[in-house]
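Working notes, structure below.
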Amino acid sequence: MTHIEQFLAKATTQAIASLYGIQFPSEQVQVQQTRKEFNGDLTLVVFPFLKISGKKPEDTGNEIGNYLVSNFPELAAFEVIKGFVNVRFSRKFWMEMLHQIFSDVAYGTSISGTPRYVMVEYSSPNTNKPLHLGHIRNNLLGFSVSRLLEATGHRVVKSNLVNDRGIHICKSMLAWKKWGDGRTPESSGEKGDHLVGDFYVMFDKEYKKQIEELVAGGMPREEAENKAPVLLEAQEMLRKWEARDEETLSLWKIMNQWVYNGFDVTYKELGVNFDKIYHESETYLLGKQLIAEGLEKGVFFRKPDNSVWIDLTAEGLDQKALLRSDGTSVYITQDIGTAHQRFVEYPIDEIIYVVGNEQNYHFQVLSLIMQKLGFSWGKNLHHLSYGMVELPEGKMKSREGTVVDADDLIAEMVETARLMSLELGKLDGFSEEDSKRIYRAVGLGALKYFILKVDPRKNMTFDPKESIDFNGNTGPFIQYTFARINSLRNKSAEQTISSSQSLNLSIEMNDKENDLIRNLCQFPEVVKEAAETFNPSLVANYIYDLSKEYNQFYHEYSILKAETPDLVNFRLILSECTGRVISFGMYLLGIEVPERM
RNA sequence: GGUCGCGUAGCUCAGUUGGAUAGAGCAGCAGCCUUCUAAGCUGCGGGUCACAGGUUCGACUCCUGUCGCGAUCACCA
């Protein structure tokens, strides 16, 4: 609830106490935005008061409305329709609100709950192939949530756990050794992560070919899948890696570095970054000690074959393996270890893991295990579980070559933005450098907004055949609105129109202006809500609504040529505040707003 | 089979702790640039909120069941 809504709720509590002699808790007063088709700013729902008043909805509404308007100067008028009281605040009240927003350089930030120190872990790529569209969603979410948390008073450390070891990278390494001819990113001119990814694909082709040959030779498919020579070689390579074989390690380091160089470019393009990078090669052995302690405490148990398990059937889950019978780690073993390590390394209060919803079960288990091991922070391991990005025909499948490559997509978006800018003549008279900066911002803005406007928890569809729009509910629309406002700002500076920066609080505003201010007032609450629910889409949709509202206002009323200097000043300040909110909102999404476009 | 999630306009998505006649954009059609950026604005058409029950003053929202889609339930990561 915004402060304004709280104000009305408390006022209503007072009204009810005075009218009916009963204390109705203000938190339970139902306040909502008045719908567009009715007259008013906020609406009270009177149904909950009927038992208290013992009167009809209309009569109760009128009594409350009358009380409010005659006892609170902020409230100017009311209108009862059925069981709803639409309350209108005074113009002066809104003018003061605008003044507050204008005076607050950090408008939009707030303190949400007790300030915490939060680790946000996102991206988490494998080093055997380049990033794809799914990773883009992950990165954008992680980055935006980090900014949202910072904007609501929390301290954030952004971390990235790179999966740099394992059979997958060995596959790429093996293929490179076999068929690479010493190719490097330098010699081939190919981006390192793509180069390594190519060899991964090469491996897979050969692997499949060998399976077919074995099957044709009469071997059961399942056996063939485990015995294909190229797979055995890769497994042998992994054993060598684990035995710290020098030649293997050296190739591993070289190829991983190619990938990191490639990732760095993509991360930079996306505008995301990290404060701390972890490598699985350094953490994959962690956790065993904690498993041993858990065994002693009786939290875990050992099966006859020596494997270690936890029984979570009481929690409605299953039994989960924590160590193999040969004593080696499984995936969750190291997550147990790394979670613990992080709380030792950093005085953090919680970790937010930005990981796809296919791992819901895993993170449920992880949190439970840590709690059972006696770590109070176990319950503070949050999983920001986001939905898959799907193609119209279904899931992206790397094996079927249907993955949408991150670099390609970014390049396409930027190119589309360039062509569209050209076509619209938007960049006439701009320097090459400026043009480039702008269409890059627009292309990336379109892509980022497209992804972030969707509720993270939901799966979303992306159709590569239809390029992302630049009109309507899109990033460029919002950027354009900002550019318009910025243009006004420049023009007003040129014309030296009243820059007194002080509002005449007694000017009459129109309904559209009133709506805009009311809309602006919601911003901090939207940010807070988005931070608390790890949901950037709330901010995205909010700035879209605001931009739409502003464009209507802009179209309908003249700003620089308004009737009086006071009115010009007021509209400029209103525009300025809108621009700031758009700009900060976009900042929270990690999207640039160009000053011109 | 167990668990979890999803199902809203032709398409992509919104829809607050249950509230008024379920909203945007795209696509389609029709308008608006001698006036602050037309990547804009205005209008029109488009819905069995998967289905069936229940809870109540009121259900897209909560509960139960059914159908459909997806994920997961590995000594994979």
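To find a chain, count down the sequence lines: A is the first, B the second, and so on, and within it residues start at 1. What you are looking at is a predicted structure, and each value in this text was computed from that prediction instead of being measured.
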Between C76(B), C41(B), C36(B), which nucleotide gets closest to the side-chain atoms of Ile559(A)? C36(B)
Among the nucleotides U37(B), A77(B), C36(B), which one has an atom lying closest to any side-chain atom of Leu488(A)? C36(B)
According to the interplanar angle, ranging from 0 to 90°, do the rings of His135(A) and His132(A) count as parallel (below 30°), tilted (30 to 60°) or perpendicular (above 60°)? tilted
Nucleotide nearest Arg324(A) (side chain, heavy atoms from C-beta), chosen from A77(B), U37(B), G40(B): A77(B)
5' priority, RNA chain B, between Leu424(A) and Phe553(A) [closest heavy atom]: Phe553(A)
Side-chain atoms of Tyr361(A) come closest, of U72(B), U42(B), C36(B), to U72(B)
Does the distance from a Lys or Arg side-chain N to an Asp or Glu carboxylate O, for Glu595(A) and Arg489(A), drop under 4.0 Å? no
side-chain contact (heavy atoms from CB on, under 4.5 Å) for Val45(A) and Phe84(A)? Distances and angles first, verdict last. CA-CA 5 Å; Val45(A) 183; Phe84(A) 302 88; 4.1 Å; yes
Output one letter per nucleotide in nucleotides 14-24 of chain B: B when a protein non-hydrogen atom lies under 4.0 Å from the base, S when only the sugar-phosphate is that close, - when neither is. S--B-BBSSSS
So Thr461(A), base contact, sugar-phosphate only, or nothing? Heavy-atom distance under 4.0 Å. sugar-phosphate
If you measure from the C1' atom in A27(B) to the same atom in A20(B), how many Å do you get, rounded? 31 Å
Between Ser325(A) and Asn360(A), name the one whose nearest nucleotide on RNA chain B is closer to the 5' end. Asn360(A)
Which word best sums up how the rings of Trp241(A) and Trp252(A) line up, parallel for under 30°, tilted for 30 to 60°, or perpendicular for over 60°? perpendicular
Hey, where does RNA chain B pair up into stems, meaning at least three consecutive Watson-Crick or G-U pairs with distances under 3.5 Å? B:1-7 with B:67-73, B:10-13 with B:23-26, B:28-32 with B:40-44, B:50-54 with B:62-66
Atom C1', compared across G2(B) and A77(B): separation rounded to whole Å: 23 Å
Lys395(A) near the nucleic acid: base, sugar-phosphate alone, or nothing, with a heavy-atom cut-off under 4.0 Å? sugar-phosphate
Between U42(B), A77(B), U37(B), which nucleotide gets closest to the side-chain atoms of Ser487(A)? U37(B)
If the plane angle is over 60° it's perpendicular, under 30° parallel, otherwise tilted; pick one for Phe363(A) and Tyr353(A). tilted
